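Since this is a predicted model, take the numbers as computed values, not measurements.
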Amino acid sequence: MTRTELRAGAALAFIISLRMLGLFLVLPVFAVFARTLPGGDNIFWVGLAFGMFGLAQGVMQIPLGAASDRFGRKRIIVIGLLLYAAGSAMAAWAPDINWMIAARILQGSGAISAAATALVADLVRDEHRTKIMAVIGTSIGLVFAGSLVLAPALYGWIGMEGIFLLIGGLALAGIPLLLFVVPDPEHAPVVKPAPFARVLGDRQLMRLNFGMFVVHMVQMAMFLMVPLALVQVMDLPVAEHWTLYFPIVIASFICMIPAIIWAERKSRVKTVFLASIVTLIVSQVMFLLHLDLAWVLIGGLFVFFVAFNLLEATLPSLVSRIAPPDAKGAALGVFNTAQSFGAATGSAVGGAIALRFGEDGVYLFCTALAVVWLLWARSMKPPPVVALREYAIGDHVDLDRLRDQINDLPGLREVRIEAERRMAFLKVNLELWDEDVVRRLLDQPVAGT
């Protein structure tokens, strides 16, 4: 992996984590603060104010992701960060619960995940993309664990208004990081047009979108039950839960690294992907069978975070590989919308099930949902093996006509032609690529002739 890829991945991981920070950092303290606002004595309005952030994220992922395909990734990310910062400032000022709801909608409308993930796909080669996605996924896990530690302390120190101003300031700080640290893609490739309906109707992408919905629905549903179990089984106060979450997240990240490396080197991404779903199922079965045992509770959390981190790495990487090249932003927008809706509905569905069937009902539901996903995911095709090819173009080849001819070749993903150097740089699916055909078009020697 090049230094440019590492720099881009680290910077974008930080920027993407800001989106989750807006959710996680207010999670432990928002309900307490909201009661101090006029209208905050109504728990429904408090829940609405909290949940509107995720709902707005889900609604805006698709249009902003598609806009990044048309107007450029960085431009859309900057707009999203500005919206996020404006919503944070508005939340810090909000005089009552109604204004807080409006502020959370504005804050959530800065949905940058699709555009930022598409920028990762533009900047990082296919063989290293899952590693960068793993870094991004783990950063989200660390933000979650760190928020449980920082939020109560920050609330006591600077108050809820200060927390909102802090995350708004971090969003603004992400803009120069994006513009001056994250490199621009080297080129704007010529690609085959792909209508948005093709993104929505692609069965391969459907499996992945449903999978991300399942992952985050399971996460939110189970975390209705797990904190209570930590208190009841381990007698661990809520304020000290981070002492368990934080080392588990770190250990799970360390354990998943060999799997990611093996998947990339051996082209076994689908194998690791399916194994991750099985691991997710195992974690829920552990909770279902022996949640009253401390070692099973700790082990179940560790197994869950291994699965969660692996899926957070492999799922967006698979989407970026399978999606049409000129619709990566749109495809990742749909994908992130599924993520947001999974998180938004997970708590509500989990709470309804727990109310009627108890905690066992929640874990049984999560297990069944993951099993359904596994059965559907088994039939997906392995991601295409993509490679870069460079060709010299013959002196007598018409470059304008060549673009159209190359775009019609089976297996082409992207093409860039440098007229001055008379060079063609192609990204191709090796399973469909015919080397002899392209060499004839370029007026180059064909093998065996």
Side-chain angles (χ1 to χ4, degrees), residues 130 133-134 137-138 140-141 200-226 252-253 255-256 258-260 262-264 266-291 296 299-323 331-332 334-343 345-346 349-350 353 357 359-384:
T130 303
M133 296 299 182
T138 302
I140 293 173
L200 290 178
D202 191 303
R203 294 183 63 82
Q204 296 283 86
L205 293 175
M206 282 183 187
R207 291 178 175 89
L208 302 176
N209 296 333
F210 177 71
M212 187 50 94
F213 175 85
V214 169
V215 169
H216 283 267
M217 182 175 235
V218 168
Q219 180 197 29
M220 298 304 289
M222 65 171 267
F223 269 97
L224 283 176
M225 303 292 105
V226 167
S252 66
F253 174 67
C255 289
M256 81 164 189
I260 294 294
W262 180 79
E264 293 292 353
K266 302 295 183 179
S267 298
R268 302 298 295 271
V269 174
K270 180 183 176 181
T271 301
V272 171
F273 168 58
L274 295 178
S276 302
I277 304 176
V278 173
T279 306
L280 179 66
I281 295 170
V282 169
S283 72
Q284 300 308 298
V285 172
M286 291 177 70
F287 291 141
L288 179 63
L289 296 180
H290 291 290
L291 193 62
V296 175
L301 279 170
F302 171 74
V303 173
F304 169 78
F305 275 110
V306 170
F308 180 82
N309 287 333
L310 279 169
L311 290 167
E312 284 284 344
T314 55
L315 279 167
S317 177
L318 286 168
V319 171
S320 67
R321 295 184 188 193
I322 293 171
L332 287 162
V334 176
F335 176 78
N336 282 282
T337 295
Q339 177 192 61
S340 298
F341 285 160
T345 58
V349 172
I353 293 173
F357 301 103
E359 63 183 24
D360 287 350
V362 174
Y363 296 120
L364 185 60
F365 168 75
C366 291
T367 302
L369 194 62
V371 168
V372 170
W373 178 30
L374 176 64
L375 294 176
W376 193 16
R378 286 178 58 195
S379 61
M380 73 173 286
K381 299 177 183 177

Roughly how far, to the nearest 0.5 Å, is the [atom2] atom of [Y] from the [atom1] atom of [X]?
X: Asn209; Y: Phe335; atom1: CG; atom2: CZ; answer: 7.0 Å
X: Met212; Y: Leu208; atom1: CE; atom2: CG; answer: 9.5 Å
X: Met256; Y: Thr314; atom1: CE; atom2: OG1; answer: 9.5 Å
X: Cys255; Y: Leu310; atom1: SG; atom2: CG; answer: 10.0 Å
X: Asn309; Y: Ile260; atom1: CG; atom2: CD1; answer: 9.0 Å

(message) List the residues meeting ring-ring contact (aromatic ring centres under 6.0 Å, His included) with Phe273, not counting sequence neighbours, and say none if there are none.
(response) Trp373
(request) Identify, with sequence neighbours excluded, every residue that meets ring-ring contact (aromatic ring centres under 6.0 Å, His included) alongside Trp262. (result) none
Ignoring hydrogens and angles, write down the donor-acceptor pairs under 3.5 Å from the side chains of residues 214-222, residues two or more places apart or on other chains.
unit_1	atom_1	unit_2	atom_2	d
His216	ND1	Gln219	OE1	3.4
His216	NE2	Glu312	OE2	2.7
His216	NE2	Gln339	NE2	3.2

Just distance, no hydrogens or angles: give the donor-acceptor pairs under 3.5 Å from side chains in residues 275-289, sequence neighbours left out.
unit_1	atom_1	unit_2	atom_2	d
Ser276	OG	Val272	O	2.8
Thr279	OG1	Ala275	O	2.8
Ser283	OG	Leu280	O	2.6

(request) Could you give me the CA-CA distance, side-chain angles and deciding distance for Trp376 and Arg203, then say whether side-chain contact (heavy atoms from CB on, under 4.5 Å) is met? (result) CA-CA 10 Å; Trp376 193 16; Arg203 294 183 63 82; 4.1 Å; yes
(message) Quick one, Met380 with Leu274, criterion side-chain contact (heavy atoms from CB on, under 4.5 Å). Give me CA distance, side-chain angles, the key distance, then yes/no.
(response) CA-CA 10 Å; Met380 73 173 286; Leu274 295 178; 5.6 Å; no
(message) For Phe213 and Phe210, take the angle between the two ring planes, folded into 0 to 90°, and tell me which bin it lands in: parallel under 30, tilted 30 to 60, perpendicular over 60.
(response) parallel
